[in-house]
Amino acid sequence: MAIFKTFYYPYYLMSSEKIDNEEILRLQTLKSYDILDTPKDGAFDRLTRIASQFLNVPIAIISLVDEDRIWFKSIYGANITEIERAPGLCASAILVDGFYTVEHASVDPRTLTNPLIASEMGLEFYAAFPLKTSTGYNLGTFCILDKQPRHLEFFEIAFLKDLRDIVMDFMELKLQARTLVNSFEIEIN
């Protein structure tokens, strides 16, 4: 039976020691997937392209929130591979268990000073689901972005969640396959 860890308890009410311990465990879990800085993956790239086209947004990203950066496993609609963690919207989105959205960023108090919103990039819309592991850790996000404010309908939110679930299925299968191969190699030796 999997142990599910949730982030319902607000971070601002947690002790800094508990936050640090949770973050250490989250980062260890992220590293165990051995996905950071890996080459492009056609399956992930197809999913971000589908998200962009179906949801009519210019940018779709599969992100992984590392210790000091947000690395993009797949990005459709922009030519960057990572950003610093500090201004990243994905770093905020992994703190919640479910859907995270900023519908009108230039007037949303959570994002007024964020350089991605206040700069010439001028992002206005962000929506994401955390990439949640089977053990309950949020490693990153499947997110969509736009330079226009917008609101997602229920079916669009459900579609984004389904795409996130497919990404996690791929990641879990790759982890299980690597673990199986490693255990088989140990038995042979």
| Quick one: does D68's side chain have a donor or acceptor within less than 3.5 Å of a partner on R85's backbone? | no

| query | Taking R26 for the side chain and N138 for the main chain, is one N or O donor matched with an acceptor at less than 3.5 Å? | reply | yes

Indicate yes or no: does [X] engage [Y] in a salt bridge with an N to O separation below 4.0 Å.
{"X": "R49", "Y": "D45", "value": "no"}
{"X": "K174", "Y": "D34", "value": "no"}
{"X": "K132", "Y": "D97", "value": "yes"}
{"X": "R178", "Y": "E172", "value": "no"}

| said: Assess the residue pair L123 and D146 against the criterion (side chain to side chain contact (heavy atoms under 4.5 Å, CB included)); give the C-alpha distance rounded to whole Å, side-chain angles, the decisive distance to 0.1 Å, and a yes or no. | reply: CA-CA 6 Å; L123 293 176; D146 200 340; over 6 Å; no

| query | Are R150 and F125 in a cation-pi contact, defined as NZ or CZ under 6.0 Å from the six-membered ring centre and within 45° of the axis? | reply | yes

| side chain to side chain donor-acceptor pair (under 3.5 Å), paired with K73, selected from D41, T38, T48 | T38

| said: D108: which residues meet the side-chain hydrogen bond (donor to acceptor under 3.5 Å, both in side chains) condition with it, sequence neighbours left out? | reply: R110

| said: Once side-chain hydrogen bond (donor to acceptor under 3.5 Å, both in side chains) is applied, do any residues pair with E82, and if so which ones, sequence neighbours excluded? | reply: R69

| task | Please test L36 against W71 for side chain to side chain contact (heavy atoms under 4.5 Å, CB included), starting from the C-alpha separation and ending with a verdict. | result | CA-CA 7 Å; L36 289 170; W71 182 73; 4.0 Å; yes

| query | How are the rings of F170 and F44 set to each other: parallel, tilted or perpendicular (split at 30° and 60°)? | reply | perpendicular

| task | Over 60° means perpendicular and under 30° means parallel, so classify the ring planes of F99 and F129, tilted if in between. | result | tilted

